[in-house]
Amino acid sequence: MAAADDASPSPKKPSPKKNPADKAAEPAGSRTPSRNFIQQIIDADRAAGKNDGRVHTRFPPEPNGYLHIGHAKSICLNFGLANEYGGKFNLRFDDTNPVKEEQEYVDAIIDDVHWLGGEWEDRLFHASDYFEQLYEWAVQLIKAGKAYVCDLNAEQMREYRGTLKEPGKNSPHRDRTVDENLKLLEEMRAGKYPDGSRTLRAKIDMASPNLNMRDPVMYRIKHAHHQRTGDAWCIYPSYDYTHGQSDSIEGITHSICTLEFENHRPLYDWFCRELGIHHPQQIEFARLNLTYTVMSKRKLLELVRDRHVAGWDDPRMPTIRGLRRRGFTAEAIRAFCERIGVAKFNSTIDMGWLEDAVREDLNERAPRAMAVLRPLKVVLTNVPADKTIMVEAPNHPQKPELGTRQIPLTREVYIEQDDFMEDAPKKFFRLKPGGEVRLRAAGIISCDEVIKDAAGNVTELRGTFDDDHSRKVKGTIHWVSAKHALTTDVRLYDRLFNVPDPDDVPEGGTFLDHLNPDSIAVIQDAKLEPSLANAAPGDQFQFERVGYFYADPVDSQPGQPVFNRTVTLRDSWAKAAGK
RNA sequence: UGGGGUGUGGUGUAAUUGGCAACACGACGGAUUCUGAUUCCGUUAUUCUAGGUUCAAGUCCUAGCACCCCAGCCA
């Protein structure tokens with residue numbers, strides 16, 4: 001297999017557009033314009049014949065919270081690699097700490113990974129599947145003199161561990177006999193000792209500059225109910241003692257994790273080596289950071305618990321569930337993950353990239369419709385009150401195959417308040433007194449009269465309608481017939497925080513200080529074109545000139561959809577006007 | 001001198017491993033447009049610093065600097 005790779009010619013200038021269909025079929029090589037450092041490692045491994053050229057990755061979440069966009073990066077990376085090399089991808093729950101984990105999270109994670117496109121076939125595993133094997137290996141290590149039962153409590157252990165700059169000192173229990181250790185471990189398992197009273201530790205080196213190597217804990221006593229193993233165990237293996245061996249059991253070849261585990265790699269290697277089992281290669285990459293949001297589980301939990309958001313699936317949350325409810329597509333998230341790349345540099349991606357990714361995807365797939373968010377009535381004085389003019393509008397200007405629809409136009413229509421200005425600047429291409437604009441897909445209207453209330457607010461416009469489809473006018477605006485309009489809730493979501501780095505707070509402050517008070521605006525009297533009444537939950541539209549919207553699957557009722565704004569359209573006018 | 005990592009445009013990733021710093025996104029300017037959207041065209045860098053080796057350095061050497069991670073019986 002490796003020889004075939006060597007022989008395959010690498011094209012000098014690969015075409016910039018790669019064909020996804022070729023991905024699984026082709027052997028690895030210089031297929032893409034550039035290869036990230038992980039692909040380079042795998043290429044080299046395969047060239048060397050390591051693992052018989054096999055590639056097997058996994059995504060190992062702990063079921064103690066919901067997945068967020070940062071996890072999506074890891075999922076796309078791991079699944080993408082397996083896919084690209086014709087290998088396999090496992091989903092494995094790292095469920096070694098029963099006090100923090102819940103079935104609710106397990107179910108949600110499975111659903112989210114699947115939604116994202118991760119395909120694990122029949123390889124859904126749990127670290128808890130391996131508890132018995134792990135225990136046998138612990139016995140093996142004790143017999144080899146590589147592990148011992150320690151009676152130090154948490155505080156004592158901390159003292160014995162030393163500091164970053166000073167070595168630790170050996171536990172007084174470090175030299176127990178094999179038989180004594182075996183007996184103690186057995187009793188720990190049997191439930192003879194209370195929580196925290198003893199641990200099983202690996203006997204490595206208390207003077208190691210790497211704190212993780214100073215006799216790390218392999219097992220701790222927790223008389224807790226586990227969501228899968230129930231009360232079968234009262235001792236649970238630690239992450240370090242579990243992760244590498246779980247990878248090993250599953251035949252993982254490349255164990256990809258985030259940077260903070262770099263210091264743990266020597267331990268990962270130590271257990272595989274001492275146990276003499278299949279030894280996957282741990283590779284670390286930089287986790288995703290995004291501007292205008294927070295990503296830590298603790299902070300996300302705080303936002304939910306203290307009701308700063310409506311829940312884990314609040315459309316403002318960076319959780320997968322939140323993004324789904326917002327109207328993001330899996331394709332957009334995958335494209336985003338592809339675009340941000342993967343490296344070891346701790347970078348922060350601009351939220352604009354995520355937003356661009358949905359715009360790009362939705363621009364292709366979302367049918368167009370018209371919706372007036374902040375209505376201003378216009379009376380077309382030359383249109384009889386009982387007349388309905390049907391106009392034909394394309395569902396997608398770039399895709400005629402998506403067809404057209406009929407929209408009613410009557411004497412009274414709503415236009416966007418922002419589309420009228422009494423004292424308009426020169427470059428304002430919309431409606432102004434004495435001016436005219438095109439009504440999208442219909443004709444041209446004029447503005448002959450401006451009606452105001454006592455306070456001087458514009459309440460109504462009057463003008464005439466000209467059913468002309470050839471004349472050029474500078475501006476085109478969207479509109480909805482007043483008589484036919486569907487009035488419903490439209491929720492405008494914006495970034496949750498109003499600064500790029502919410503964690504950058506002065507002494508005594510909190511990230512909550514930077515919550516954006518305008519991250520949600522609910523409009524209750526939005527006027528939508530009548531065809532939108534048929535929108536099914538989960539349908540997506542581009543409301544022309546406004547943005548992309550998603551029919552909320554929870555709050556929509558038959559005939560009365562509720563829309564969430566996924567993202568606005570780019571708006572160069574707003575940008576220019578803002579200056 | 002505790003250890004482990006990382007520094008390339010506004011942002012993110014490349015650079016055939018010593019050979020003209022490329023790609024994407026944004027931003028800016030322009031063209032097209034019945035969405036101020038989309039699309040299209042153009043513009044956008046003293047490679048953390050200082051020395052050194054070399055015909056040639058982002059890449060090699062030396063010395064610095066900055067940032068991230070590690071003292072859970074969390075993962």
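Note that the structure is a prediction, hence the values are computed from the model and not measured. Numbered from 1 within each chain, the chains take letters A, B, ... in sequence-line order.
Taking 4.0 Å as the cut-off between side-chain N and carboxylate O, A:Arg471 and A:Asp466 count as a salt-bridged pair. A salt bridge does not link A:Arg92 to A:Asp129: none of the charged nitrogens lies less than 4.0 Å from a carboxylate oxygen.
With sequence neighbours left out, the salt bridge (charged side-chain N to carboxylate O under 4.0 Å, His left out) criterion links A:Arg176 to A:Asp151, A:Glu180. For A:Ser481, the side-chain contact (heavy atoms from CB on, under 4.5 Å) partners are A:Thr410, A:Lys483, A:His484, not counting sequence neighbours. Residues forming a side-chain contact (heavy atoms from CB on, under 4.5 Å) with A:Lys474 (at least two apart in sequence, or on another chain): A:Phe429. Partners of A:Pro209 under the side-chain contact (heavy atoms from CB on, under 4.5 Å) rule, at least two apart in sequence or in another chain, do not exist in this structure. Take A:His478 and apply the ring pair (Phe, Tyr, Trp, His ring centres under 6.0 Å) test, not counting sequence neighbours, and it matches no residue. Annotation: ring pair (Phe, Tyr, Trp, His ring centres under 6.0 Å) contacts of A:Phe271 (sequence neighbours excluded): A:Tyr241. The salt bridge (charged side-chain N to carboxylate O under 4.0 Å, His left out) check on A:Arg58 picks up A:Asp247, with sequence neighbours excluded. Judged as a side-chain contact (heavy atoms from CB on, under 4.5 Å), and not counting sequence neighbours, the contacts of A:Glu104 are A:Tyr66, A:Glu102.
Under 3.5 Å, the side chain of A:Arg368 and the base of B:rU35 form at least one donor-acceptor pair of N or O atoms. For B:rG36, the base has no donor-acceptor partner in the side chain of A:Arg570 [N/O atoms by modelled type, under 3.5 angstrom]. Scanning atom types as modelled, no donor and acceptor separated by under 3.5 angstrom connect the side chain of A:Gln398 and the base of B:rU39.
Residue A:Ala343 places its side chain closer to B:rU13 than to any other of B:rC25, B:rU38, B:rU13. Closest to the side chain of A:Ser34, from the set B:rA14, B:rA27, B:rG12, is B:rA14. Listed nucleotides B:rA37, B:rG36, B:rC34 differ in distance to A:Arg545; the shortest reach to its side chain belongs to B:rG36. Checked against B:rU6, B:rA37, B:rU35, the side chain of A:Ser572 finds its nearest nucleotide in B:rA37.
For the pair A:Arg198 (side chain) and A:Ile221 (backbone), a donor-acceptor distance under 3.5 Å is absent.
Between B:rG10 and B:rA45, the distance separating the two P atoms is 9 Å to the nearest Å. Of the C1' atoms belonging to B:rU13 and B:rG52, the separation is 30 Å, rounded to the nearest Å. Taking the C1' atoms as reference points, B:rU62 lies 16 Å from B:rU54, given to the whole Å. When the P atom is compared between B:rG51 and B:rC28, the two are found 38 Å apart, to the nearest whole Å. Across the P atoms, B:rG9 and B:rU49 are found 10 Å apart, a figure rounded to whole Å. With both ends at atom P, the span from B:rC23 to B:rU44 equals 12 Å, rounded to whole Å. Comparing B:rU11 with B:rU46, their P atoms are spaced 13 Å from each other, to the whole Å.
The environment of CZ in A:Arg374 is sparse: at most 12 heavy-atom neighbours from other residues, nucleotides or ligands sit within 6.0 Å.
Rounded to whole Å, the distance from CZ on A:Arg214 to P on B:rG72 is 11 Å. For A:Lys399 and B:rU35, the NZ to P distance is 18 Å, given to the nearest whole Å. Per the geometry, CE belonging to A:Met370 stands 15 Å off C1' belonging to B:rA37, to the nearest Å. Atom CG of A:Asn289 and atom C1' of B:rC69 are 13 Å apart (whole Å). Protein atom CD of A:Glu284 is 9 Å distant from nucleotide atom P of B:rU6, rounded to whole Å.
Residue contacts shown for A:Lys474 are absent, as no nucleic acid heavy atom lies under 4.0 Å away. Heavy atoms of A:Pro394 sit nowhere under 4.0 angstrom from any nucleic acid atom. Residue contacts for A:Phe345: at a heavy-atom cut-off of 4.0 Å it reaches the sugar-phosphate backbone alone, with no base atom in range. Among the atoms of the strands shown, none is found under 4.0 Å from any heavy atom of A:Ala286. Using a 4.0 Å heavy-atom criterion, one finds that A:Asn263 contacts the bases of the nucleic acid, with or without backbone contacts as well. Within 4.0 Å of A:Arg265, counting heavy atoms only, lies no atom of the nucleic acid at all. Nucleic acid contact for A:Ile349: sugar-phosphate only, since backbone atoms but no base atoms lie under 4.0 Å from a heavy atom of the residue.
In this structure, A:Thr348 does not reach the B:rU11 phosphate: none of its side-chain N or O atoms is under 4.0 Å from OP1 or OP2. Contact annotation: A:Lys427 does not reach the phosphate of B:rG36 (side-chain N/O to OP1 or OP2, under 4.0 Å). Between A:Ser347 and B:rU13 there is a side-chain N or O to OP1 or OP2 distance below 4.0 Å. Put simply, A:Lys165 has no side-chain N or O that comes within less than 4.0 Å of OP1 or OP2 on B:rU1.
Residues in residues 341-353 of chain A take part in these side-chain hydrogen bond (donor to acceptor under 3.5 Å, both in side chains) pairs, two or more places apart or across chains: A:Glu262-A:Lys344, A:Asn289-A:Asn346.
With a glycosidic angle no further than 90° from 0, B:rG72 counts as syn. Glycosidic conformation, B:rU8: anti, with the torsion outside 90° of 0.
Under the side-chain contact (heavy atoms from CB on, under 4.5 Å) rule, A:Phe125 has a single partner from A:Asn90, A:Ile249, A:Leu91, which is A:Asn90.
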Pairing pattern in dot-bracket form [Watson-Crick, G-U; both distances under 3.5 Å; | = partner strand] for RNA chain B: .((((((..((((.....[..))))((((((.......))))))...(((((..]....))))))))))).....
Write down the protein N/O and nucleotide N/O pairs, taken from nucleotides 17-20 of chain B, whose separation is under 3.5 Å; answer none if there are no such pairs.
unit_1	atom_1	unit_2	atom_2	d
B:rU17	O4	A:Gln40	OE1	3.3

Output a table of nitrogen or oxygen pairs between the protein and nucleotides 73-75 of chain B separated by less than 3.5 Å.
unit_1	atom_1	unit_2	atom_2	d
B:rC73	OP1	A:Arg161	NH2	3.4
B:rC73	OP2	A:Arg161	NH1	3.0
B:rC73	N3	A:Gly196	O	3.2
B:rC73	N4	A:Leu152	O	2.7
B:rC73	N4	A:Ala154	N	3.3
B:rC73	N4	A:Gly196	O	2.8
B:rC74	OP2	A:Arg220	NE	3.1
B:rC74	OP2	A:Arg220	NH2	2.9
B:rC74	OP2	A:Lys222	NZ	3.1
B:rC74	O3'	A:Arg220	NH2	3.0
B:rC74	O2'	A:Asn97	ND2	3.2
B:rA75	OP1	A:Thr96	OG1	2.6
B:rA75	OP1	A:Arg220	NH1	3.4
B:rA75	OP1	A:Arg220	NH2	2.7
B:rA75	OP2	A:Tyr239	N	3.0
B:rA75	O3'	A:Asp94	OD2	3.3
B:rA75	N6	A:His264	NE2	3.1

